[in-house]
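In what follows, a single structure is set out as structure tokens and then discussed.
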Amino acid sequence: MEDIVRQSMDVDIVCVGFGPAVAGFLTTLSRSLMNEDQTPALESKAMPGMPLQVLCYERADDIGFGVSGVVTKGRGIKASFPGLDPAQIPMAAKVSGEKVVYLLDPHGAGRKTAGLKALEAGLGLAAKDFAFELPIIPPFLQKHDGLVLSMGQFMQWVGSDLMGSGLVQIWPGTPVAAPLIEKDEVVGVRLLDQGVDKKGQPEAAFMPGMDIRASLTVVGDGPVGPVGAALDERFGLPEGNHQRDWAVGMKAVVGLPEGHGLPVGTVIHTMGYPEPEIFGFLYVLPENTASLGIFVPSWFDSPIRTAYRYLQHWMIHPYIWKYLQGGTMRSWGAKSLQESGRRGEPHLAGNGYARIGEGSGSTNVLTGSGVDEAWTTGAHLAEAVIELWKAGRPMNRANLEATYVRRRRESWVDQESRVAAKSRDGFQHGVIPGFVGMGLSGLTGGTLNWVADIKRTYERLPSIEEFFKGRIARPEIERIRKDCESTGASLHEALMDRSGWPTIEFDGQLLVSHQDALLMGGKVQAPAGFADHVIFVDPAVCTACRTRTCISICSGQAITANPEGGVPLFDREKCVHCGACLWNCSQPRPGDPERTNIDFRAGAGGLHSAEN
Amino acid sequence: MSGLHIVVCGSIVPDPLQTLEPVTTPAGPGLKNEMMLPAILDPWAGHALFEAANLAKSVAGSKVYLVSLGPKAKLQQVMMTIGQKAPFELVVADGPASGFTDAAEVAAELAAAIEAIPGLDKSQLLVFGGWQSASRGAGATLQMLGERLGITDQFQGVDEIKMQADGSFTVLERIEGGSYQLSSCAGTPAVLGWATGNLPEPPNNPQIGMANMRLIMPALQKAKPAKVSTGEVSFVAVELPKQVRETRVVKDMALEEMAKEIVDWIRG
């Protein structure tokens, strides 16, 4: 494949991924490209006489394709759009009220410790609907004066404006395969080959991915993006940094029933149920709509971590269900979140490239905020690029560090990320230490922290037998496993049923099967002619694995047990590109303990949520 | 044979598999949250566009125009994908594409947009489109468009066109009973309402995208409001087909059992 002749195109700036960080970058940059007299303010080197040629490639089939509810203080976004009226953005509203709620377990099926159960017994005295509303919300969690948004709608709103300006180009449906690196300098990106089979071998309509050469490559491809991953592999992370904390967010847009009683802009965050480690959210958007979901973190030590089933149990918790009963699922989706925050920060700039957004460690894990931080890092980079380009200085490491990295270090994003850096370490020891640690970090400005060594996800995952020790005997687990293998049924569903979780009674509207959620919630786009992007690196490792968390965590049921044994099967047409398999794999990659035996490569499409 | 001028008429539709809900708007019936629903190029029109691009490649000097009647904000998004697949020049009429427009009004608007294309040689004109598009499956729009343009050679349900060196061509049309009709035509102009054609969707080509982009954005910016849904047509009632969905993942089931279950399900 290396002998293939590839087309090449020269531009000035190429961006990878159209998320909030790149949106912030393009919004800021595009306003400085032209003078009032319509002459270029920043002249292109690739096309002399023209303004900067700026391209952005996005793997999904559209901009703003994903479902995700967001609550944000919106400081960076508001700075870019002074006087922003949320009514301009579909499905956006001002935060009108906040609640943090501890959910008790109505079924007793969760795996709470004796300490938590004792705490619940106390809280239960004041509980209503099996829930206890916290009387005070810690300041670091508050989002007063903020916005509730639909991420997809916000991105469409921004993207339409950008494309309409004609100053930058955003190309969806065009995945980037890898950075182009020459002598430790990033000189652009290579687009993904088209017209290949599942294994990437050329077929009749083969079209080699084009090389896009640029003075600056802006890497904003998120936590599981292939370009960021390739740069981390090539250049490593700064000393002491690692990316071991993750979560998968499974989310839905719900049409609320009439008379639900929640004002627009209401923000509800929950903890404690369906498992102590799983957090939930419900944001009330305009027109009887809510965005809701749960987060399943990497430190939730269950090997049968099936987010969809947990989402359903969370929705029918009495405290939540009183608002949702009679509602309708309008959209659904999932996404991995890089939760290492500042500790997961890669090299922010190098020769010819800069990293922005979630993949650059901008998410604040204490405040639970990422979109506004990502946006702001993009804006910082744009300001730096404008400064450098006007001065005619090259986009090398020294110049980018003196401009972009300096701006970022001096900003609220970085200052607050330092406070948050160790705030979640306590969760390595359990839920109560985790909450205590967050409180310590938050209330002392990061001076005091509950410090812990951060384990890799696979180091935390027990085998299924160990996990159910004392609850389900090994012979019974083996019998259930064999039954599931012979019938093709889901092992994790069977084990949850066996361990006391009630059956979900489908109502066909909101409580539906996982596959129906996939159909009702959107449409997986899997254009023909692209290779599989989920790779089981060492088949022998997968064959020997008995845990197979990759199957239970798969948000789209795209990874399934192979009825013939051996390596699990992957169905690209069900993959929602959440990337959860990448970090939930229970096996280390031979020769690389920081990675697992699953590789998540560049791929086209993913879930296009019905309403986002 | 001199170059063809191929005008493809095609607009956007909501991405399939979504729950669509008709609502009454000030401009008549529409879809709930229409502007928020993900949209794609109408698949029928997509086939027509890919066939047009393929034909243009084989006849030197040919040019492809895509004439779209749709909301320009959503068209802009869809064009970023379609614009990478085939070279074309975009012409936009800004109006609704909800499926509740009247075929005659749409045809009139498209005809006006085509007539206004600078330099269009009607003697070399092929009008392409989806055979069921913009008519709620009735197949009426292209026929009326052809009449307005004065083009009498019309073909519907087309799966193939083969050009000859003298400018004549043959057309393979779907007809009733699952058969094909092969017709010969002396030459342009003609109207072809495409079924699926035979071509796969082309890959995304960034260079084609860059070239198209120079014309797409100006076309969107100068789009004129379309005179459709003017109130001259009134809808007595609007209803979408009921969606019935019962998904199960079944393995190792005999084909006969599967067929029986489906038949029983259909019978209710």
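Residue numbers start from 1 in every chain, and the chains themselves are labelled A, B, ... in the order their sequence lines are given, proteins ahead of strands.
Looking at A:Gln525, the atoms closer than 4.5 Å to chain B (heavy atoms on both sides) all sit in the side chain, from C-beta outward. For A:Tyr57, the part lying near chain B is the side chain, with the backbone staying farther off; criterion is any non-hydrogen pair under 4.5 Å. For A:Met163, the parts sitting under 4.5 Å from any heavy atom of chain B are the backbone and the side chain alike. With a threshold of 4.5 angstrom between heavy atoms, B:Lys72 does not approach chain A through any atom at all. With a 4.5 Å cut-off on non-hydrogen atoms, A:Ser490 does not touch chain B at all.
Around the CD atom of A:Glu287, the shell of radius 6.0 Å holds no more than 12 heavy atoms that belong to other residues, nucleotides or ligands. For CG of A:Asp161, the number of neighbouring non-hydrogen atoms (other residues, nucleotides, ligands) closer than 6.0 Å is 12 at most. Within 6.0 Å of the CD atom in A:Glu564, the count of heavy atoms belonging to other residues, nucleotides or ligands does not exceed 12. The number of heavy-atom neighbours closer than 6.0 Å to CD of A:Glu203, taken from other residues, nucleotides and ligands shown, is above 12.
Judged purely by atom type and a 3.5 angstrom limit, B:Gln76 uses its side chain to pair as donor or acceptor with the backbone of A:Ser160. At distances below 3.5 Å, not a single donor-acceptor pair connects side-chain atoms of A:Gln194 with backbone N or O atoms of B:Pro202. Although no hydrogens or angles enter the test, the distance criterion places no donor-acceptor pair under 3.5 Å between the side chain of B:Gln221 and the main chain of A:Ser165.
To the nearest 0.5 Å, atom CE of residue B:Met80 and atom OG1 of residue A:Thr174 are 9.0 Å apart.
Options B:Glu201, B:Met210, B:Lys74 differ in how many heavy-atom pairs under 4.5 Å they form with chain A, and the most are formed by B:Met210. Chain A forms more heavy-atom pairs under 4.5 Å with one residue of B:Val78, B:Thr81, B:Ile216, B:Leu220 than with any other, namely B:Thr81. Among the candidates A:Gly166, A:Pro172, A:Gly159, the residue making the largest number of heavy-atom pairs closer than 4.5 Å to chain B is A:Pro172. Among the candidates A:Val512, A:Ile170, A:Thr328, A:Ile212, the residue making the largest number of heavy-atom pairs closer than 4.5 Å to chain B is A:Ile170.
Of all heavy-atom pairs between A:Met9 and B:Pro206, the closest is CE-CB, 4.2 Å. The two residues B:Pro203 and A:Met207 come nearest to each other via the heavy atoms CG-SD, 3.8 Å.
The ring pair (Phe, Tyr, Trp, His ring centres under 6.0 Å) search around A:His492 returns none, not counting sequence neighbours.
Identified under the side chain to side chain donor-acceptor pair (under 3.5 Å) test for residues 202-212 of chain B, with sequence neighbours left out: A:Gln7-B:Gln207, B:Lys85-B:Asn204.
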